Every structure is written in structure tokens, then in C-alpha cells.
Participant: 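One structure follows; several queries about it will come next.
All values reported here derive from a predicted model rather than from experimental measurement. Throughout, protein chains are lettered first and strands after them, A, B, ... in sequence-line order, and every chain is numbered starting at 1.
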2 protein chains.
Amino acid sequence: MPTLAEVAQKAGVSIATVSKVLSNTPYFTEETRRKVMSAVEELGYLPNLAARALSSGKTHLIGVIFPYVYEGIFTDPLVQYILEGVEAECNERGYNIVLSTPRLSPDGPEENYRRLLQSSYLDGIVALDNVPLSSVLSPSLRKNTPAVAIGYGDHPYFVRSDDLQGSTSLMEHVVSLGHRHIGILTVDESLHYSIQNRHLGLQTTAETAGLNYAQFPKFDRGDFSIASGMQGAAEVLNQENVTALVCINDRMALGAIQQVQKMGFRVPDDITVVGYDDILSAQLFSPALTTIDQRAPELGHQAAQMLFALLNNEIPDSVVIPTRLCIRESSAPPKSSR
Amino acid sequence: MPTLAEVAQKAGVSIATVSKVLSNTPYFTEETRRKVMSAVEELGYLPNLAARALSSGKTHLIGVIFPYVYEGIFTDPLVQYILEGVEAECNERGYNIVLSTPRLSPDGPEENYRRLLQSSYLDGIVALDNVPLSSVLSPSLRKNTPAVAIGYGDHPYFVRSDDLQGSTSLMEHVVSLGHRHIGILTVDESLHYSIQNRHLGLQTTAETAGLNYAQFPKFDRGDFSIASGMQGAAEVLNQENVTALVCINDRMALGAIQQVQKMGFRVPDDITVVGYDDILSAQLFSPALTTIDQRAPELGHQAAQMLFALLNNEIPDSVVIPTRLCIRESSAPPKSSR
DNA sequence: AAATAGTAGTTAAGCGTTTAACTATTATAC
DNA sequence: GTATAATAGTTAAACGCTTAACTACTATTT
């Protein structure tokens, strides 16, 4: 690979001149610029980013962090959408993405991740930060690297989906259809801040409508999977007489629908099932799933934009992104009210 | 951030000693090692990767390249599975991933990508290489960086899914059910080498069974999307009397099923529909889709393993990964043969 | 005529590592 | 008792770039 020195020699100028011409420093004659550029052209010079990084402290590399606790992170449908949003913004500005998916444990993220964060490799960080267990963005870890959190982690700059509003409009929809006996299929809320907010939205809305949320039958041993949705639906339906199942995510909702059908009920005629996320399968499934679209690509876009503002020494405003209720075929008024 | 120099001073030894102790070079007393390690511990020293990269030429960064032509790459269901496989192998070895999704045009990949490839940032490359348009791994681009291709690009080290075997077993399944009038829903094969192989498998198998593949009604203006699957199914069913639709991917197959149902036919009773990929929705859809699982995570695992072999100066063998036929509910014998 | 400002480039230090080459001490062989 | 090898550490060059500080010349101001 040609270096600055070779370009300089070929152009008959000093190394510094080449470096400065390439970074558009003023005070060079057109003649000099031309000589430099044609030498660059001929040799096919491209900067050695490692050297540039060492010298300038800038790598043009953005870390995108998806921590996980139990299962691999790539089963989370948010991930690819966020990645897509961040990637678009980075590419536009000539930045590249370093993808890291550290495993989280009570003693914090794994060694490999800590090395990356403190390596001076990353100009900035965008991190999913929803897990109470331990923040991947704790100040001790990231030193002075600018960072934006996606989620509820304790961090000055963040983007979140409005889980409260999302779960509120979801429960409002179910209640407004006339449902009074509602089962909740969810996961342990200590796993996820966003889940806590969704619970809060469900509860507040139910109680505002005069329902006793505390007495709703609940299955909270789910793990976001289809299988746990099936299990949850089975448990709730075997014990109680509900007309609707509100699920904490789409995969559990799709599992629930299958279980409901397997037990001889129809969706939505006998039982309404709603989810949260609007994954691809939600639209395709039959019956198509009523759910909340949290517009995940927008999370990525906004987070990246905020990060570049920070890199530009601006102070960005944190953002809460509103969700969208997608009413499809899996929700309808309860039988009794028809 | 503490540097080697500070650690050396604190430990009362030279910089070189610290560096060597940290890389487990022999010939140091336990006493010296202890002093160094406790200084490292106390200061929380972590190496500056940019400096290490410049000095040693090793960054411990692996480029993972997903080129795209028209639509964003993240809609491709392969991507997340491959990423998952590569990530697992990299993480195990202390490597990090640089994700790049260059847009391909007839004059090759975009500038930003070329800079990355020749920047000395990447120790190795894993690239999806299926598009005839221009290889992201052409020797002129990647200089001496070791690379493994996933797909049919002209490259010495590659991993591919056995598209020929996959499409063969898919067509064998349909033919063995008794179908003779079969519609093909596909995309322009110049877009993708793997598609060419799938076509070949379909054709050979049909002809081996004594059928005239050339006269099968075909829709080849698809773009992998659900919408184009619906359009294709509509066109084929309006013109010809087929009992089965073989689709080049699952999304088109799911679109086709919806269109078939919308036109008043039942799947699989009236018309069999099969797909290719085994995306999540394929299992969830009702009727569940008969399709080919190409075991994408395995592609990522194998590619990464080959790359690390290369980095280790070994010569890996290229791999063709067999697929698995998933027979579900969307395929059945044609009416006439019952 | 001297001082100042603007233009056009060069020199050289520094970024934090790695590692070849070197010194110095101690152990082993013959 | 000297040569050789093994052990234990240091010195200093190199990686390729950025940039502050400097030189040198020309144009303008006072």
C-alpha cells in the first residue's frame, strides 16, 4: 500500500504538503494541488486509518452495541431495524460501524467488550440500554467517548420508543372494544426497563377504565418466544374465562394465537389477541395481528443523528418516539357485547 | 487513558518489558511479571488498539460485508443469521466486527467501502458475494487482506449453500406429490448467482421427471418481496391452470399464498405453494410453508472459521453446505390425483 | 525603509505500540 | 578457566499520519 511518503516523493513535495492538500488546508497553489492529486491518483493512495487514528485520535468508527443477557441478540427483531437506521446515517457521513454484542452478567459486560470500548478505536457509541443488570454505557467504561443510549439506561443522551404511550393505546383499543376480562402474557419485568413501562401503561389504562388490573390473570414467566406464548395462553385459558389476551411482544402473541386455536377457540371471534412490535410475521399471520409499531428504524436514525451532533460538539435533545397502533384482524369486540 | 509508559513507570521497568510481559514473552522472573501485572491492574491499563494496529499491522477487526444493489440489505433474512454465525466465532477469539453494507453499481462498490478495505483497518474479510455486477472481493480492492466469500463470487475460499441440491429436493418434493402443471415465481436471475443455481435445480429435476420445464408458466419479474409474490401468483393463475406454485423465496411464497386465497382457492387443497429460505414467518404462517432451510447461521460459522484458518496461515477447504427440506402444510398432492 | 500581514511551503515532534538488536548476568559444558 | 548457552532485561527504531512551529518569499501599510 502506498504511503504519504511515496506520494510526496512522486509529487516532489513534502509529506506535510500532501497531508494538508488532502485535508483541504488553504494556502497552496493550484499547481501544487494538481501535482499532489495526480500522484495520489496514480499510486491509488488511500490513507492508513490506523496511523490516522493514532495521530489524530479519530477513527471514523462508530460502535453499535447490542447487549444481551440470555439468548443471542439477533432474535430480537428490533436489532436489525436499529442497525439499518444507524447504518444509513453513518454511511452518509463516511463512518463505519463496529458491531458488538457483549454478553451481560451481574459483574458487567465481558472483557472483550471492555477492551473495545477503551481501545481508542471508537469515535462514538450507540448502545441499546434497556437492561437493569448493568449498563454497557457506564461512565467508567466509556471514558470520554461520546455515546447515545437507545432505551431507558441512565444516560444523558437517549432515544426511546414511547412504551407508555404504546401500551396505553394498545390497552385502550382492547378496552374500547368492550373487553373486561383480559389476560396478560408477559415476561419478568426486571429484565427490561421498557417492559416495566409497558406494564405501567397497561395497568393505568385498565384502571382508568374502571377495571381491576391487579386481578387480571397473568402469565409472567415468558421469555419473548413463541413457545412461551403458547404456554402462557394455555395456562391463562385453562384457569380463567378471558375474552382477550394482551401480549408483551408479537412472538408471544403469535404463539398465543396458535394455542388459542389449538384449544378450539377462534381469533378474534372468541378471543382477541394483541401483540407489540409489529414484526414482519405480524402482518403475514392469519389472522393478521393487531399490534404496536414502535418504528424501530427511526430509533436508529435518531440515535445516530444525536451521536453526530455530539461529535460536532453540539448538545442534542433526547427524543421519545411515538408509536403507532396497527389494528388488524386479531382484535374484535367480545362475543357477549355483540 | 493510561499508556504503556505510565504502567512501566509505576512498575519500575521499561516500556518494552511491560509490552512483552503482556504478550507472554518468555524470560521474565515471576517477580517482574507480578510488578507489571499489578501496575496494569491498578491503572486499569488497556492497550490502545490504534497504536497496536499501526505497529503490528493487526487490528483484531474483521470486516463483514453485505453488498446490495437495489433495496437495503437488511430486508434479506440471510443477513442476520450470517451475522449471528460470524459474530459467535469472532467473539470467541477476541475479534470485533466491522459491518459494511456497500451499495454496488456497475463501476463497483462505493468510495467509502474502498477506503475501508484498503485502510489497514481490517485483518480479514467475510463477504456475501453473489451479485454478478461487481465483486466486493476483487483482488484490486482487497490487496492482501485474507478474505472468505459467502456465495458464488469468483474467489478461492468460499462457503455456499447448496442451492442446486436445495432446489432439486424442493422440486422433487413437488413432483413426487404428483404435480405436473407447475408455476414458477422468481426474480431476474442475472441478479444473483444463487438464483441461477436454484433455477438449474428446478429445471433439471422437472426434466428428469419427464416434464417440460420450458413450458411451465413463469413470472420472473419478482423482487423477493411479498407484493411481487402476490402479483406473480395473480398473473400465473389468471393465465394458466397450475396445481402448484414454486417460489424462489419465502416472502414471495407467502405473498403467493395470500393471493391464491384471495382468488378463492385453498392452499394446499387446490394449489400447493412452496418457498425457499425458511424464514421465521414460514413456520408461523397458516398454512405453514413447505420450504428449504439453507441453514444460514452455519454459513456464517463456517466462513468465519475459514477466515481464522487463513489468518493462521492455513489453507482452508471451501465448503458447500447442504440444505434441509422442511415439509409443512402448504404442499399436498394435486386434486386430480386424489 | 521598516514593520506587518498574507501566502506557500518544510521540518520535526508526537501519537502508543511492537520488536529487532543489544547489554548484562548467571548457568552449563568441555 | 574459557567459550557457549540460557536467562532477564533495556534501547531505540519503526509503523504512517497530523499539526504546531518554523522559514522564506511577496505584497501592503505606515
Side-chain angles (χ1 to χ4, degrees), chain A residues 1-37 39-40 43-61 94 115-116 118-123 143-145, chain B residues 1-37 39-40 43-61 94 115-116 118-123 143-145:
Chain A
M1 291 266 64
T3 68
L4 271 193
E6 299 173 43
V7 173
Q9 185 171 16
K10 180 148 209 145
V13 297
S14 73
I15 292 181
T17 299
V18 178
S19 175
K20 287 182 178 174
V21 164
L22 287 177
S23 58
N24 274 318
T25 305
Y27 306 140
F28 285 103
T29 58
E30 271 316 308
E31 167 68 6
T32 303
R33 284 181 205 281
R34 210 190 37 69
K35 278 194 302 188
V36 169
M37 293 316 278
V40 164
L43 293 173
Y45 169 81
L46 284 172
N48 178 312
L49 295 186
R52 175 177 287 181
L54 180 57
S55 178
S56 71
K58 301 282 160 234
T59 58
H60 279 222
L61 249 30
R115 276 224 312 274
L116 175 66
Q118 304 188 358
S119 62
S120 316
Y121 258 5
L122 305 180
D123 283 356
K143 305 288 171 186
N144 297 317
T145 314
Chain B
M1 291 265 67
T3 68
L4 271 192
E6 298 173 44
V7 174
Q9 185 172 15
K10 180 149 209 143
V13 297
S14 74
I15 291 181
T17 298
V18 178
S19 175
K20 287 183 178 174
V21 164
L22 286 178
S23 58
N24 274 317
T25 305
Y27 306 142
F28 285 103
T29 58
E30 271 315 307
E31 167 68 6
T32 303
R33 285 183 205 281
R34 211 191 37 68
K35 278 194 302 189
V36 168
M37 293 317 277
V40 163
L43 293 173
Y45 169 82
L46 284 171
N48 179 314
L49 295 186
R52 175 177 287 180
L54 179 58
S55 179
S56 71
K58 302 282 159 232
T59 58
H60 280 222
L61 249 29
R115 276 223 312 273
L116 176 66
Q118 305 189 357
S119 63
S120 317
Y121 258 6
L122 305 180
D123 283 355
K143 305 289 172 184
N144 297 316
T145 313

Participant: Is there a donor and acceptor pair closer than 3.5 Å between the side chain of A:Ser14 and the base of C:dT10?
Facilitator: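 Looking at the base of C:dT10, it does not pair with any donor or acceptor on the side chain of A:Ser14 (distance under 3.5 Å).
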
Participant: With nearest nucleotides of DNA chain D determined for B:Glu30 and B:Ser56 from heavy-atom distances, which residue corresponds to the more 5′ nucleotide?
Facilitator: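 Looking at DNA chain D, the more 5' nearest nucleotide goes with B:Glu30.
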
Participant: Can you check the B:Leu4 CG to D:dA12 P distance for me, whole Å?
Facilitator: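 B:Leu4 atom CG is separated from D:dA12 atom P by 18 Å.
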
Participant: In this structure, how many angstroms lie between the P atom of D:dA8 and the CD1 atom of B:Ile15, rounded?
Facilitator: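 Answer to the nearest Å: 22 Å.
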
Participant: Please determine whether any donor N or O and acceptor N or O are separated by less than 3.5 Å between the side chain of B:Ser120 and the base of D:dG16.
Facilitator: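 Side chain to base: no pair present.
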
Participant: Rounded to whole Å, how long is the line connecting atom CZ of A:Arg115 with atom P of C:dG16?
Facilitator: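 Whole-Å distance recorded here is 19 Å.
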
Participant: Indicate whether OP1 or OP2 belonging to D:dG9 is found under 4.0 Å from a side-chain N or O atom of B:Thr29.
Facilitator: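 Answer is yes, contact under 4.0 Å.
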
Participant: Just verifying a value: how many Å separate B:Thr59 OG1 and B:Tyr121 OH, rounded to the nearest 0.5 Å?
Facilitator: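 One gets 9.0 Å once the value is rounded to the nearest 0.5 Å.
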
Participant: Could you check how far CG of A:Leu46 sits from P of D:dG16, rounded to whole Å?
Facilitator: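 About 14 Å, once rounded to whole Å.
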
Participant: Take atom CG of A:Asn48 and atom P of D:dC17, then tell me their distance rounded to the nearest Å.
Facilitator: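 In whole Å, D:dC17 P lies 6 Å from A:Asn48 CG.
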
Participant: Counting any heavy atom closer than 4.0 Å, what does A:Pro47 reach on the DNA or RNA strands: base, sugar-phosphate only, or nothing?
Facilitator: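 Result for A:Pro47 = sugar-phosphate.
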
Participant: With the side chain of A:Ala16 defined as its heavy atoms from C-beta on, choose the nearest nucleotide among C:dT11, C:dT17, D:dT18.
Facilitator: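 Nearest to the side chain of A:Ala16 among the choices is C:dT11.
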
Participant: Using whole Å, what does the distance between atom P of nucleotide D:dC15 and atom CZ of B:Arg52 come to?
Facilitator: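 Checked: the CZ to P distance equals 19 Å.
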
Participant: Separation of A:Tyr121 atom OH from C:dG16 atom C1', in whole Å?
Facilitator: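 Checked: the OH to C1' distance equals 12 Å.
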
Participant: Under 4.0 angstrom, heavy atoms only, what part of the nucleic acid is B:Ser23 near: base, sugar-phosphate, or nothing?
Facilitator: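 Nothing, no heavy atom under 4.0 Å.
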
Participant: Which nucleotide, C:dT11, D:dT18, C:dT17, lies nearest any side-chain atom of B:Tyr45?
Facilitator: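 In terms of side-chain proximity for B:Tyr45, the closest of C:dT11, D:dT18, C:dT17 is C:dT17.
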
Participant: Would you say A:Gln9 has more than 12 foreign heavy atoms packed within less than 6.0 Å of its CD?
Facilitator: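 Not buried by this count: 12 neighbours or fewer within 6.0 Å.
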
Participant: Output the rounded distance in Å from CD (A:Gln9) to P (C:dT10).
Facilitator: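 Rounded to the whole Å, the gap is 14 Å.
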
Participant: Taking the side chain as everything from C-beta on, heavy atoms only, tell me whether A:Thr3 gets closer than 4.5 Å to A:Glu6.
Facilitator: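 SC-SC contact between A:Thr3 and A:Glu6 confirmed.
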
Participant: So which one's nearest nucleotide on DNA chain D is more toward 5', B:Ala51 or B:Arg33?
Facilitator: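 Looking at DNA chain D, the more 5' nearest nucleotide goes with B:Arg33.
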
Participant: Hey, which of these two, A:Tyr27 or A:Ser55, hits DNA chain C nearer its 5' end, going by closest nucleotide?
Facilitator: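 Result: A:Tyr27.
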
Participant: Do the side chain of B:Lys20 and the base of C:dT17 come within less than 3.5 angstrom through a donor-acceptor pair of N or O atoms?
Facilitator: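 When only heavy-atom distances are counted, B:Lys20 does not reach the base of C:dT17 through any donor-acceptor pair under 3.5 Å.
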
Participant: So do the side chains of B:Met1 and B:Leu46 get within less than 4.5 Å of each other, counting heavy atoms only?
Facilitator: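 A side-chain contact under 4.5 Å is absent here.
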
Participant: For the atom pair CG (B:Leu4) and CG (B:Asn48), what is the distance rounded to the nearest 0.5 Å?
Facilitator: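 Rounded to the nearest 0.5 Å, the CG-CG separation comes out at 9.5 Å.
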
Participant: Considering only side-chain heavy atoms of A:Thr3, which listed nucleotide, C:dG9, C:dT17, D:dC17, is closest?
Facilitator: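 Ranking C:dG9, C:dT17, D:dC17 by closest atom to the A:Thr3 side chain puts D:dC17 first.
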
